[in-house]
Structure formats: structure tokens, C-alpha cells
Amino acid sequence: MEQQDIDRKKPDVIVVGAGFAGLTAARELTRQGFSVHIVEARDRIGGRTWLDHRLGRNLEIGGTWVHWTQPYVWAELKRYGLGAVASPEPERAFWWADGGRQEGAPGTLLQLIGKYNHELVKDSREYFPEPFRPLARDAFKEIDHISVQDRIREQFPAGSSRDILESFWALNFNGPLEDAALTQALRWVALTNGDWAVNFEACATYKIEGGTAALADSILRDSGAGIDYGFTVAGISDDGGSVTVRSYDGRTISARSAIVTVPLHVLPCIAFEPPLPPAKADGARRGQVSKGVKVWIRLRGEHAPFVALGQADWALNFFQVEYTLDGDTIAVGFGPDASNIDATDPAAVQAHLNRLVPGAEVVDVATHDWVSDPLAGETWPMHRTGFLSAHLAALQAPHGNILFAGSDIANGWGGFIDGAIESGMEAALEAAALSAAASGTALTDKN
Ligand SMILES: Cc1cc2nc3c(=O)[nH]c(=O)nc-3n(C[C@H](O)[C@H](O)[C@H](O)COP(=O)(O)OP(=O)(O)OC[C@H]3O[C@@H](n4cnc5c(N)ncnc54)[C@H](O)[C@@H]3O)c2cc1C
């Protein structure tokens, strides 16, 4: 295809991707006086967060919950005057144990999860004493080959408590546990000072007032960065003085540097010149564990808020009530393997819900298959065994004038909106330093 140069003044930095990492990086740079242009393949900002109108109200199709233990996103909410809205407190709990459905108080289910979980994660701060610097100490390397599943099965006797714990971690990983890194679980819990219950609260309690879109819009507006939608990056080349980003439809744009924020599973689809070094390319090729599903469910009638946890290998293993709407109830469900269920089919969702929640009639469902989405390929990134030792540092490292950011490779709350923002900030600092170094060189050349 014939190439078309985008006719505009060459920006200082190109940002690939308008998720939270890209938007944050753009804002940080424009605030320092750099010119930034964002290229985004979708027709919207937000990436794996997506506030959409479904089932009769606005619903978060992707990333949703934030928490006061997440410093980057919490500071952004304060900066733009956005509040946090609490999800309803569950009044009933359902779970699967001893071959059947059990019902009780939510506190009882929490106690059952906690029976072994406390023991499983108690060393989190020992391995990750500085949770925002996961590579700071080498101790984690001794356990980086261990999967969550192996550790649970080796440490706890077979039975319903172990089953509940496995299901809880399959929920957190949004994927199967065979290759889910124990270090990833411990990194999460270290971020809440070893307290798994606060960690769980962080995952599903407070939503952003006005939705994730309100925060993403605020950051983009604040940045004043230019943005091209429908620009799917096919290749990025760096000749040492300039980085050129090329789309599949033949558009190109050049700048002094670029920040690439695409998800890990998308990175291998972009042709880099010079090619990525093996540790980076291999890390992207190996990918991560999450391949699950999130589905919104409209239930007939009003149901008292409930939480429900099934078995680790069920196609939908977790449900939680979020809203009431015109006399109906809206719940959210999660499952560890998107390929095990057609979550667009109300009957399929009903069949899974029936196993846990009596009398809940599914009226309609809404979902997005993030795993098949070529611009995501995954839900929230959760790392495999060995990833932390072998790939994280390599994936974070610059490649000449090409920098990398994103929740997938964040230091702190990797897998969360908070990690995306943190990583965007760090990449912006690196890009600013690159630009400063380049102008220093230019100045020296002139003198
Ligand atoms: C179902 C689901 C539930 C989640 N729940 C939560 C939650 O409750 N709380 C929480 O904190 N996090 C949650 N997350 C995770 C969170 O949403 C993500 O970790 C975070 O939004 C990722 O931001 P990012 O900027 O790193 O990547 P992304 O948001 O993926 O942004 C990357 C951008 O790059 C674009 N792109 C991809 N390929 C190309 C290309 N070739 N050319 C140009 N552009 C491209 C994409 O379209 C996208 O806009 C959830 C995610 C999902 C999917």
C-alpha cells in the first residue's frame, strides 16, 4: 500500500494506544511542554475500560473498581473532582461446597475463603517488601516457578475449603490456575500490606462516579494531545534519530520517540525495526494467564444484594449484584475461560446461575469478548510462572527511542487501572529524559 505521511507538525512524542497508560503518558508530557500525538486503533478512548449503555443503563464492560489503596488512580479522582461510588453490600452469599449449593451470610463465605488464604499469602511482604518495586529483592526468584494451583494443593488438604480457595484465585486471575504465578498473587496482596480481605475489597467495591469514561475524558481533555482514531499500528521503526509509526492503512507519523501501550497479547502483532530483543519478544509471545469473561446480567425482579462463588473450573464462577433498575436487578458475573461459554446467550448464563442462586431469572445479558478482541487479547493481565524473573524488566526496558507502558508491565497494581496510570507516568518521565538528552546533543552540535 502507498504510504501517506500525516500532514502535521512532527510531534515530540507519539503515544500508541489511548487506554489509561497512553492517556496518562500524553498528559504528563504535554504538561511539561512537549507536543504529543496519540494513535488509537479503536473509535474511542479508554481501551480495556469501556462505559457503555447496555441493559437499560450505563455499565462498565471492562475495568471498573478502584480503591483508596491504589495511589495513582485515587489521586487522579481527586485531581478531577470525581468521587467513588460503593457497590451494594451483599446481604446473602451462595457457594459450592461438599458437592452442593450452600447459602449463608457473606461473612461466612469470607471466613471460608480466609480459612486457608491467610496462610497462603502470609509471606507476601517477605517476598515483596517494597510492593511498588517488585524486582527490588531477589528472594521472589526462589518461588517464581511455583503456580498458585501447585502451592494450594501442596499446602492444603483436599476438600471444600481448598476448592473455595481455588475458585477465589481463579476469579482473581480471571483464568485457570495451572500456570498462574504464586508471585503474582503475592504481589497483589503485598500492595494491601498482606491483608487479602482488603485486597478483595479493592477488586470489587468502589466504582468511579461518572464511570471510567469520566476519568479517561478528563485526562485526555487536560492533555490537549492530538489523537487519530482508527489508526491500527502495524509497524514501528527507529532509525536512531526519529521513530516512525505506520498503520495498516498506510498512514505514517514520525516523532523523536514513541510510547507503546498496547496489551501484552497485542505486542507480537506489531513489526518493530530493529526487531525487539529476545527477552522482550519471548515475554510478549508467552503472554499471560487471564482469558476469562465478564458478563452483565439483568434479572427479573428485585433481589437482595448477593455474592456467589462456584467452582474454579465453572465457566462462570462468581456473581455479584450491582444495581436495581425499573424493578429488576443487575448483577455481574465472571468466569475463568471465555472459550467455555457464549456469554452473549442468556440461556447459557442462566444455566450457570441456576447452580448457585435459586430463583434468579435471567432477562438479558451484555458482555464483550476481550480475549477474541484483537486489540486486547486478554482481560486484566495476570502473569505466568517465571514471568517476573525472566520478562518483566525486559518488557519495561526502552528499545532505542521506543518506550513501553501499560498495566501489563506495571510495577505496582499491574492488571489494574492504577498500574496503567503508574506505568504511563513512568514512561512519560523516560520520554522527557530522552527528549532532553536529544536537545542537549543538538545544542552541543550547534555550538
Ligand atoms: C473485563 C475486565 C475487567 C476489569 N476489571 C478491572 C477492575 O475492576 N479494576 C481495575 O483497576 N482494572 C480492571 N481491569 C483491568 C484494566 O481495565 C486494565 O488493566 C487497564 O485499563 C489497562 O490499561 P492500559 O492503558 O494498560 O491498556 P489498554 O486499556 O488495553 O489500552 C491499550 C490501547 O491500545 C490500543 N491498541 C491496541 N493495539 C493497537 C494497535 N495495533 N494500534 C493502535 N492502538 C492499539 C487499544 O485499543 C487500547 O485502547 C479489567 C479489565 C477487563 C478487560
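Order of listing sets the numbers, starting from 1, for every ligand and every atom in it.
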Give the numbers and elements of all ligand 1 atoms closer than 4.0 Å to a heavy atom of Gly406.
26 (O)

Atom 11 (O) of ligand 1 - nearest protein heavy atom and its distance:
Ile417 N, 2.7 Å

Short N-O contact, Asp364 and Arg54, less than 4.0 angstrom
no

State the atoms of ligand 1, each with its element, that fall below the 4.0 Å cut-off from a heavy-atom position in Gly46.
29 (O)

Which protein heavy atom lies closest to atom 24 (P) of ligand 1, and at what distance to 0.1 Å?
Ala420 CB, 3.9 Å

With no hydrogens and no angle check, is any side-chain donor or acceptor of Glu60 less than 3.5 Å from a backbone partner on Thr212?
yes

Please classify the Val233 to ligand 1 contact at 4.0 Å (heavy-atom distances, strictly less than): side chain, backbone, both or neither.
both

Do any N or O atoms from the side chain of Trp413 and from the backbone of Leu191 form a donor-acceptor pair under 3.5 angstrom?
no

Closer than 4.0 angstrom: is that true for some heavy atom of Pro263 and an atom of ligand 1?
yes

May I ask you to identify the nearest protein heavy atom to atom 7 (C) of ligand 1, giving residue, atom name and distance to one decimal place in Å?
Thr64 N, 3.2 Å

Only heavy atoms of Gly17, strictly under 4.0 Å: list the atoms of ligand 1 that pass.
33 (C), 34 (O), 35 (C)

Any N/O pair Asp418/ligand 1 closer than 3.5 Å:
no

Please write down residue, atom name and distance for the protein heavy atom closest to atom 15 (C) of ligand 1.
Gly415 O, 3.2 Å

With a 3.5 Å distance limit and no angle check, can you tell me whether Glu426 reaches the backbone of Ala405 through a side-chain donor-acceptor pair?
no

Atom indices of ligand 1, in the order listed, that fall short of 4.0 Å to a heavy atom of Lys294:
1 (C)

Report yes if some N/O of Phe20 lies less than 3.5 Å from some N/O of ligand 1; otherwise report no.
yes

For atom 32 (C) of ligand 1, what is the closest protein heavy atom, and at what distance to 0.1 Å?
Thr261 O, 3.4 Å

Using a 4.0 Å cutoff against the non-hydrogen atoms of Thr379, which atoms of ligand 1 qualify?
53 (C)

For Gln32, enumerate each residue passing the side chain to side chain contact (heavy atoms under 4.5 Å, CB included) test, keeping only those at least two apart in sequence or located in another chain.
Phe34, Ala432

Part of Trp413 within contact of ligand 1 (heavy atoms, under 4.0 Å)
neither

Side chain of Asp408, backbone of Leu264: donor and acceptor closer than 3.5 Å?
yes

With heavy atoms under 4.0 Å as the rule, classify the contact between Phe416 and ligand 1 as side chain, backbone, both or neither.
both

Contact check: Ala21 vs ligand 1, nitrogen or oxygen atoms, below 3.5 angstrom:
yes

Heavy-atom closest pair (Val198 atom, Thr69 atom, distance to 0.1 Å) is CG1-CG2, 4.1 Å

Indicate yes or no for a side-chain donor-acceptor contact from Ser423 to the backbone of Ala410 under 3.5 Å, with no hydrogens or angles considered.
no

Any N/O of Gly22 closer than 3.5 Å to an N/O of ligand 1?
no

Flag Glu378 as yes when one of its N or O atoms lies below 3.5 Å from any N or O atom of ligand 1, and as no otherwise.
no

Where ligand 1 meets Val266 - atom numbers and elements under 4.0 angstrom, heavy-atom basis:
38 (N)

Does the side chain of His67 reach to within under 4.5 Å of the side chain of Glu201, using non-hydrogen atoms?
yes

Distance-only polar pair, side chains of Ser290 and Thr379, donor-acceptor under 3.5 Å
yes

By side chain to side chain contact (heavy atoms under 4.5 Å, CB included) - contacts of Glu430 (at least two apart):
Pro398, Leu403

Using the ring of each side chain (for Trp, its six-membered ring), is Trp188 parallel, tilted or perpendicular to Phe173, with breaks at 30° and 60°?
parallel

Ser407-ligand 1 polar pair, N/O distance under 3.5 Å
yes

Are Tyr72 and Met425 close enough, and set up right, to give a side-chain contact (heavy atoms from CB on, under 4.5 Å), and what steps lead you there?
CA-CA 9 Å; Tyr72 292 92; Met425 284 185 140; 3.6 Å; yes

Taking salt bridge (Lys or Arg N to Asp or Glu O under 4.0 Å) as the criterion, tell me which of Arg48, Lys291, Arg384 meets it with Glu378.
Arg48

Any idea which protein heavy atom is nearest atom 6 (C) of ligand 1, and the distance to it?
Gly63 CA, 3.2 Å

In ligand 1, the atoms that come under 4.0 Å of a heavy atom of Gly19 are 25 (O), 29 (O), 31 (O), 33 (C), 49 (O)

Contact check, Val66 vs ligand 1, heavy-atom distance below 4.0 Å
no

Please report the shortest heavy-atom distance between Asn317 and Leu171, naming the atom on each side.
ND2-N, 4.0 Å

Counting only heavy atoms, tell me which of Arg44, Arg48, His368, Glu40 gets closest to atom 30 (O) of ligand 1.
Arg48

How far is atom 36 (N) of ligand 1 from the closest protein heavy atom, and which atom is that?
Val262 CG1, 3.9 Å

Interfacing atoms of ligand 1 (cut-off 4.0 Å, heavy-atom, Thr49):
17 (O), 21 (O)

Check: Leu392 main-chain N/O paired with His383 side-chain donor or acceptor under 3.5 Å
no

Can any side-chain N or O of Asp52 pair as donor or acceptor with the backbone N or O of Asn58 at less than 3.5 Å?
no

Please confirm whether Ala41 comes within less than 3.5 Å of ligand 1 when only nitrogen or oxygen atoms on both sides are compared.
yes

the protein heavy atom lying closest to atom 9 (N) of ligand 1 turns out to be Trp65 O, 2.8 Å

